[in-house]
Number of protein chains: 2
Amino acid sequence: MSNISPPRKRRKEARPSELSAAALDLFVEKGFAATRLEDVAQRAGVSKGTLYLYFDSKEALFKSVIEDGVVPVLVEGEEIASRHEGSAFELLEKLLANWWAGIGETSFAGIPKLMTAESRNFPELAQFYYENVIRRGRAQVASALERGIASGEFRKLDIETTIDVVIAPILMLVIWRYSMACCQGTQVDPQQYMAVHLTLLREGLKRTQV
Amino acid sequence: MSNISPPRKRRKEARPSELSAAALDLFVEKGFAATRLEDVAQRAGVSKGTLYLYFDSKEALFKSVIEDGVVPVLVEGEEIASRHEGSAFELLEKLLANWWAGIGETSFAGIPKLMTAESRNFPELAQFYYENVIRRGRAQVASALERGIASGEFRKLDIETTIDVVIAPILMLVIWRYSMACCQGTQVDPQQYMAVHLTLLREGLKRTQV
DNA sequence: TAACTTAATGACTGATTGGTCATTAAGTTA
DNA sequence: TAACTTAATGACCAATCAGTCATTAAGTTA
């Protein structure tokens with residue numbers, strides 16, 4: 001098969017998301033500066049000029065990729081937290097499972113690695129991401145921890161620090177997949193990983209009976 | 001004070017490490033592609049041509065920054081593991097503390113973030129880092145977990161997965177510091193963070209008494 | 001079906017930066 | 001102290017790539 005590009009086709013409605021998806025893939029893999037717009041265009045099946053019909057600049061494309069992303073998953077988590085009636089640990093479990101299903105197993109999964117890599121280069125975008133993604137996710141975990149401590153289900157721990165320790169393995173799981181996982185012979189099984197994490201949490205968080 | 005550069009000074013012996021230190025700072029902050037050699041030279045107090053007296057290329061400089069780094073800390077950990085006589089949990093605690101003191105509180109602390117960001121762009125270097133840093137660190141944690149499970153101190157868990165979950169918060173702590181921490185109003189206290197992590201681990205790893 | 005609108009193209013321009021090297025200046029040697 | 005060696009310099013060159021725009025081609029309209 002030759003490398004003849006497909007004939008031109010107008011797709012005004014679909015283009016933005018096609019371009020964003022292509023850009024996300026390459027930004028996640030290579031980082032912002034090392035990604036060439038020629039490659040993004042090729043990945044999307046268009047020419048480079050087409051990118052500038054829909055995005056003002058490379059940076060505008062990058063920002064849209066981050067901004068049009070994971071917020072709906074956070075909204076779902078907020079709903080789960082607001083109507084939960086079981087134990088605090090069950091809530092925590094549901095929140096982490098929802099986060100995993102909505103981000104960890106979707107095309108958004110590369111965003112944590114991308115934000116990790118680029119936050120110092122794009123502080124305003126990092127701020128946006130922090131306010132709209134990280135802070136909201138933390139608040140959900142906080143609500144589960146607060147409930148558990150209040151009811152005596154969980155031991156007393158500093159909540160802000162415990163959120164960090166609870167979330168870290170989940171973040172690391174997706175970040176790892178898009179960075180160092182290529183060097184590892186085996187693949188991490190997310191179900192098993194989550195099971196171990198939850199097991200350690202369940203026992204670790206329990207308030208010690210006197 | 002004017003911007004007159006300091007007079008030229010020959011420092012053949014000290015130059016390589018000075019250049020590497022300057023490069024590490026900027027590579028960690030901006031990533032490989034977004035770092036300009038002009039800036040590295042300026043940070044080191046030299047001109048750009050000086051970089052090429054000691055390093056063949058930008059990529060050679062980058063590789064040296066990773067390769068001449070954290071391996072001695074891994075050696076120390078291996079020694080700690082080989083001569084430990086207390087409980088398995090005490091071993092684990094010592095290993096994590098040693099890792100923190102040797103990496104987390106030194107100028108090498110940025111390397112995990114840098115490798116996270118650049119591993120897909122430099123797969124051979126990522127392989128080197130995996131073999132010489134990550135694998136060895138994991139082996140140390142594995143030795144503590146194996147001891148604990150064998151002696152009945154710890155519950156039975158899949159060791160490879162548990163290593164991931166044990167290490168993730170430590171990695172995330174340093175990665176976070178060099179990426180998203182700028183957006184967070186408060187700073188994470190590493191001592192408290194480690195204390196919470198170890199508390200959750202101590203209880204989470206315990207084998208349940210029947 | 002011709003005239004028109006508009007999405008797409010990719011050659012081109014200008015800015016940027018890695019890498020080079022003729023020159024300069026700091027030390028060393030005789 | 002002059003001759004020599006060598007570490008350092010920064011202007012320069014060539015390659016690269018973001019962004020532009022005249023042109024082309026896909027649809028739409030009258």
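So that the names make sense, note that chain A is the first sequence line, chain B the second, and so on, each numbered from 1. Heavy atoms only: backbone and side chains are in, while hydrogens, waters and symmetry mates are out.
- The side-chain heavy atoms of B:L145 and B:V141, taken from C-beta on, include a pair separated by under 4.5 Å.
- When rounded to the nearest whole Å, the span between CG of B:L51 and P of D:dA8 equals 11 Å.
- Counting non-hydrogen atoms under 4.0 angstrom, B:K48 reaches a base of the nucleic acid.
- Taking the six-membered ring where the residue is Trp, the centroids of B:F55 and B:F62 are separated by 6.0 Å or more.
- Between A:K9 and the phosphate of D:dG27, there is a side-chain N or O to OP1/OP2 separation shorter than 4.0 Å.
- At whole-Å resolution of the value, CD in B:E38 and C1' in C:dA15 are 15 Å apart.
- Counting heavy atoms from C-beta outward, A:L205 and A:L92 have side chains that approach closer than 4.5 Å.
- Remark: C1' of D:dA18 and CG of A:D56 are 13 Å apart, rounded to the nearest angstrom.
- At the phosphate of D:dA8, neither OP1 nor OP2 sits under 4.0 Å from any side-chain N or O atom of B:T50.
- Rounded to an integer number of Å, the gap from B:Q42 CD to D:dG10 P is 11 Å.
- Judged by the 6.0 Å and 45° rule, B:K63 forms no cation-pi pair with B:F122.
- Residue B:Y52 has a polar side-chain atom (N or O) positioned under 4.0 Å from OP1 or OP2 of C:dG19.
- For the pair B:E13 CD and D:dA8 P, the interatomic distance rounds to 11 Å; values are reported in whole Å.
- With D:dA18, D:dT9, C:dT9 as the candidates, the nucleotide lying closest to the side chain of A:R8 is C:dT9.
- In this structure, A:L53 atom CG and C:dT9 atom C1' are separated by 9 Å, rounded to whole Å.
- Under a 4.0 Å N-O distance rule, the pair A:R138/A:D164 qualifies as a salt bridge.
- The interatomic distance linking B:L37 (CG) with D:dG10 (P) rounds to 16 Å, in whole Å.
- Side chain of A:V46, nearest nucleotide from D:dA7, C:dG27, C:dT9: C:dT9.
- A close approach under 4.0 Å does occur between a side-chain nitrogen or oxygen of A:R15 and OP1 or OP2 of C:dA8.
- With a 4.5 Å cut-off on side-chain heavy atoms, A:M194 and A:I170 count as touching.
- Rounded to whole angstrom, the span from the CZ atom of B:F55 across to the C1' atom of C:dT20 amounts to 18 Å.
- Under 4.0 angstrom from either OP1 or OP2 of C:dA8 there lies no side-chain N or O belonging to A:R10.
- Using modelled atom types and a 3.5 Å distance limit, the side chains of A:E131 and A:Q127 yield a donor-acceptor pair.
- The strand DNA chain C forms stems, runs of 3 or more Watson-Crick or G-U wobble pairs with distances below 3.5 Å, at C:1-30 with D:1-30.
- The shortest distance between the side-chain N/O atoms of B:Y54 and the OP1/OP2 oxygens of D:dA8 is below 4.0 Å.
- Within the 4.5 Å cutoff, side-chain heavy atoms of A:L173 are placed close to those of A:P190.
- Between B:K12 and B:G49, the one whose closest nucleotide on DNA chain D sits nearer the 5' end is B:K12.
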